[in-house]
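Note that ligands are numbered from 1 as they come in the structure, with each ligand's atoms numbered from 1 the same way. Residue indices begin at 1 and follow the sequence shown.
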Amino acid sequence: MKIAVAGTGYVGLVTGVCLAEMGHDVTCLDIEEEKIALLEEGRSPIYEPGLEPLLKRNLHNGRLHFSTNLKLGYRNAQIVFITVGTPEKPDGSADLEYIYGAASDIANSIENDVIVCTKSTVPVGTNDQIKHIMNSTKPPNLKVEVVANPEFLREGSAIIDFLYGDRIVIGSDSEWASGVVEQLFIPFKIPIMKTDIRSAEMIKYASNAFLATKISFINEIASICEKVEANIEEVANGIGGDHRIGRSFLKAGIGYGGSCFPKDANALVQLAGNVEHPFELLEAVIKVNNHQHSLPVKKAKELIGSLRGKKVAVLGLSFKPDTDDVREAASLTIVNDLLEEGAVITAYDPVAVRNAQNILGDRIEYTTEIQTALLEAELAIIATEWDQIKHTPLDFFLLYMKEPIIIDGRNCYPLEKIEQYPLTYISIGRPAIIHEYRKSSL
Ligand code: UDX
């Protein structure tokens, strides 16, 4: 099939590359010339494991193209995927400017019937609006249909999720359009669910809201565990053993971040409010998550008092491992809270330093080496469970730090292992390990 992809962000790029890999002729479009030039050289502007080799392969075999010429890209496409961004507006709702812009660009360019497939996360009713815009702009002799086809890609495993996902949702009121899109996805051998447009739009928001709810729920249980001297890992394992609950997304920590959960949760609260249904449960989920982000510095102050002038190592900047994305990362709250307390920070991350620097600037030091961050630090806060951090020998904390005190926001180490070292170790939902040993008193 001849496919165009509008927007070469994270979702667009993964969609384009994977559809080319499945044998289709794909043109990915974007207005950013630098990005397109980079992609034409086979280089990915985002850090996503496994993306670049597939990008290179499909560029070389001629199935994948990149262009800034929107008209040329849309002109003869049979399906156009809309994968442009829907940034958050100050009131929490989704900004649909790029979505509607893409819809009118497509309608102005097409020379044959086309199916527009929206992958961007959009509020319920948006696809109807896309259809309306396109029908009022397109040449009268051509047919345009709209399909809501939400994505469920996790950063860091997006290629695997696209090729081997749990389900594909196709929401349309046109049998022709949903039939064509179904044919496109049948070779993936993933269960396909056909729905009406609005239900497909809602499925995306409800999925992310539910997963966010699971995380805030387990984090609340973790806080209670700390007070009653229970261990959240035993508890999560115990409740996850019930297949109705399941084990996934029950990892307690300092809360969720990223480009989806925070934005989509806010947008769903906004959407519910618009139809006069205050979504109190989801509002509480968001509140709990904000609280989790601020836990490490609260715990640090409780433990060591003033942080003024203290050197602190922040380990991990990305919102989760295997990505360079720092959007809504807990690390950002931690750094800002520490700066407010007057601490001096060196932050470590294997890949996210550049993105963090764009947000946090030169108020802190950055490093891609854990030992450099730990050197002379009086406190280490773990914000991301990178393998590099999990596999750091615990001796390093003793050797390099001025005081071996760790606040682990991601429960990276088994308590039994920590107990073998003279470390003070505070984690989430597990008993604190306090060592009176202080290097400075030796
Ligand atoms: C998410 C959804 O999983 C995906 O389906 C959707 O399309 C986009 O949003 P992503 O943001 O890449 O994907 O990350 P995910 O792996 O879902 O993790 C989100 C956040 O939740 C991370 O900050 C992670 O650290 C946190 N998390 C996840 C927990 O705190 N505990 C868990 O048990 C799971």
Lys287 atom NZ, over 12 foreign heavy atoms within 6.0 Å: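 Atom NZ in Lys287 is not crowded, with 12 or fewer foreign heavy atoms closer than 6.0 Å.
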SB check Asp325 Arg327 (cutoff 4.0 Å):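 Answer for the salt bridge query: yes.
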Under 4.0 Å from ligand 1 - residues by heavy atom, chain and number: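 Correct list: Glu151, Phe152, Leu153, Arg154, Glu155, Lys204, Asn208, Ile215, Phe249, Leu250, Lys251, Tyr256, Gly257, Cys260, Phe261, Phe319, Lys320, Arg410.
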Non-neighbouring partners of Glu88 that pass side chain to side chain donor-acceptor pair (under 3.5 Å), sequence neighbours left out: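 With sequence neighbours excluded, Glu88 shows a side chain to side chain donor-acceptor pair (under 3.5 Å) to Asn266, given in chain and number order.
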Side chain to side chain donor-acceptor pair (under 3.5 Å) against Asn274, all qualifying residues, sequence neighbours excluded: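 For Asn274 there are no side chain to side chain donor-acceptor pair (under 3.5 Å) partners, ignoring immediate neighbours.
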Audit row: Asp337, His293, side chain to side chain donor-acceptor pair (under 3.5 Å) steps and yes/no: CA-CA 10 Å; Asp337 289 355; His293 282 198; over 6 Å; no
Side-chain donor-acceptor pairs under 3.5 Å in residues 164-173, sequence neighbours left out?
unit_1 : atom_1 : unit_2 : atom_2 : d
Arg167 : NH2    : Ser207 : OG     : 3.1
Ser172 : OG     : Val146 : O      : 3.1
Ser172 : OG     : Ser174 : N      : 3.1

